[in-house]
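Comments concern the structure below.
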Amino acid sequence: MTTATDIVYRLPQERKLVSELPGPRSMEIGARRLASVAAGVGSSVPVFAADADGGVIVDVDGNSLIDLGSGIAVTSVGASNAAVAAAVAEQAAHFTHTCFMVTPYEGYVAVAEKLNELTPGDFEKRTVLFNSGAEAVENAVKIARLSTRRNAVITFDHAYHGRTNLTMAMTAKSMPYKRNFGPFAPEVYRMPMSYPYRDELGSDGVAAAKRAISMIEKQVGAETTAAIVIEPIQGEGGFIVPAPGFLSTLAEWCTAHRVLFIADEVQAGFARTGTWFACEQEGVEPDLITMAKGIAGGMPLSAVTGRADIMDTVHGGGLGGTYGGNPVACAAALAAIEQMESLDLCARARHIETIVTEALSVTKDELDGAGLPVIGDIRGRGAMIAVELVTPAEDGTATRDPNPDLTAAVAKTALAQGVVALTCGTYGNVLRLLPPLVIGDDLLRDGLAVLCQALKDNA
Ligand SMILES: *Cc1c(COP(=O)(O)O)cnc(C)c1O
């Protein structure tokens, strides 16, 4: 198996603090930001980046932080992967843009070929490229509606699909994504998710799927439903892994009723969960797949790949956009995918899973043993692992009451020690670990030690 030791890093892979966080230079830029950047844009950490490579982000004061977030599951091959950087420079030196709708170029075609090959399903496929995850989801819905001549779109509790008008409607969580940003797009219906930790159906995925299907049939009707759109492992909603059988039962129902099954793999795709796509682990072959985040080593690119007979129902000129499939982003994607293959980052993701779950399980046992049962659940796959934090009762017995305050405190303590860890979840009580897949074992272990200590210090 390829290990991170085969990877050549440009920056020292170390955690090193040379100032308080944020340091003086970050404070200075932070003040300028307050006076210039719209207040609606948030940032998880108050430090400004100057450099990043492998598993570290170096800030403008020279602090070297361990990156357990990959800029939200984007920089899987590293934030300055040499092969990606070279491909970007080479393409930018020739042309940065012609518009594929005006003068097409080979890179776009090569990315389409690659995605058709990598995505699950042995059937003819076609691909169309865009810029962001939300744009890919919007277009998957456009394609589904046109090809089925139906309107209704089914989404799920805890879903996240983006911030555009249609994808806000599809996203579950009101704050901060939706509140007062409506009215939202019509014909979007939300169904109960399989959430093994919190749902009374527990690990019975088939029963959870039947519950959703019954509601779809009663409240919407199969014959008016264009598509089910679902994240195979939910991202922003809390890294919720549906119980086995949930996705496959939904997919079978879709096939039987000519409803399209759309997997939103924007966060879980591209080796993140230990396979190229998360839905493979449930044996599901979606009709359409949306992709973005990990696809291009940090360059903005997204895609919809799907069955050729569905994709090609759209009339010429019906899909596109000025920047969609930008040539520099395509060059980056081809290089990033080549790196994932040659470094076997799927195997790396599975290796990261064992290191992360081991460290978290030990910490959970210690905390439970100390009468502090704050870790309710550890879940996820590959390098997409979450810890759901809960509030013990007065007498120290375990409950499932969400603990968002502890979650925020742990992230804050970890940052003060030089570790960037993200939070998520409908209840804001999930710490999510999304390290770059190229992070070295020692650095990862150091980051986990800091995070686990932060859990113990704040519990
Ligand atoms: C991040 C995300 C999106 C939206 O992607 P953007 O590039 O931010 O528009 C859509 N779906 C899922 C599952 C995501 O995680």
Side-chain angles (χ1 to χ4, degrees), residues 40-44 69-76 119 128-142 144 153-173 176-178 181 184-185 188 190 193 195 227-242 247 261-273 276-279 284 286 288-305 321 323-326 329 332-333 336 380-386 422-426 430 432-434:
V41 189
S43 295
S44 307
S70 302
I72 320 188
V74 170
T75 53
S76 301
T119 47
V128 54
L129 302 179
F130 303 99
N131 304 288
S132 69
E135 210 187 342
V137 173
E138 289 251 355
N139 278 279
V141 170
K142 279 168 66 173
V153 173
I154 306 297
T155 62
F156 290 83
D157 287 335
H158 314 289
Y160 183 84
H161 297 292
R163 295 172 180 267
T164 58
N165 187 265
L166 174 61
T167 58
M168 274 194 292
M170 296 169 69
T171 289
K173 194 174 176 178
Y177 307 122
K178 302 170 72 166
F181 288 142
F184 301 113
V188 174
R190 191 169 312 287
M193 181 65 186
Y195 189 164
I228 283 182
V229 184
I230 188 162
E231 299 154 87
I233 296 179
Q234 289 183 318
E236 307 301 305
F239 283 20
I240 299 163
V241 186
L247 295 175
F261 185 92
I262 303 176
D264 182 352
E265 293 258 11
V266 165
Q267 189 155 162
F270 287 96
R272 177 58 50 189
T273 67
W276 280 102
F277 296 95
C279 61
V284 169
L288 304 178
I289 301 187
T290 55
M291 295 158 265
K293 295 195 166 94
I295 194 173
M299 294 297 287
L301 187 74
S302 69
V304 181
T305 297
Y323 293 109
N326 170 273
R381 283 201 200 118
M384 185 172 182
I385 303 290
L422 305 177
T423 62
C424 66
T426 295
V430 177
R432 57 166 152 177
L433 303 181
L434 290 163

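First listed ligand is number 1; within each ligand, the first listed atom is number 1.
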Checklist entry - Heavy atom under 4.0 Å from ligand 1: found in S132's side chain, backbone, both, or neither? => result both
Item to check | Y177 atom OH, over 12 foreign heavy atoms within 6.0 Å | outcome: yes
Checklist entry - Can you list the residues that meet the salt bridge (Lys or Arg N to Asp or Glu O under 4.0 Å) rule with R381, with sequence neighbours excluded? => result E282
Checklist outcome for this item: For E236, the salt bridge (Lys or Arg N to Asp or Glu O under 4.0 Å) test, sequence neighbours excluded, returns R432
Does any N or O of ligand 1 fall below 3.5 Å from an N or O anywhere on [X], backbone included?
X    : answer
A134 : yes
Q267 : yes
D264 : yes

Checklist entry - Do M291 and T119 touch side chain to side chain, with heavy atoms closer than 4.5 Å? => result yes
Next on the checklist: Within the 4.0 Å heavy-atom shell around E231, which atoms of ligand 1 are there?
Outcome noted: 13 (C)
Item to check | Modelled atom types, side-chain donor and acceptor of T164 and E138, under 3.5 Å | outcome: yes
Next on the checklist: Among all the protein's non-hydrogen atoms, which is closest to atom 7 (O) of ligand 1, and how far away is it?
Outcome noted: G133 N, 2.7 Å
Item to check | Working for ring-ring contact (aromatic ring centres under 6.0 Å, His included), residues F130 and Y323 | outcome: CA-CA 7 Å; F130 303 99; Y323 293 109; over 10 Å; no
Item to check | Heavy atom of K293, distance to ligand 1 below 4.0 Å | outcome: yes
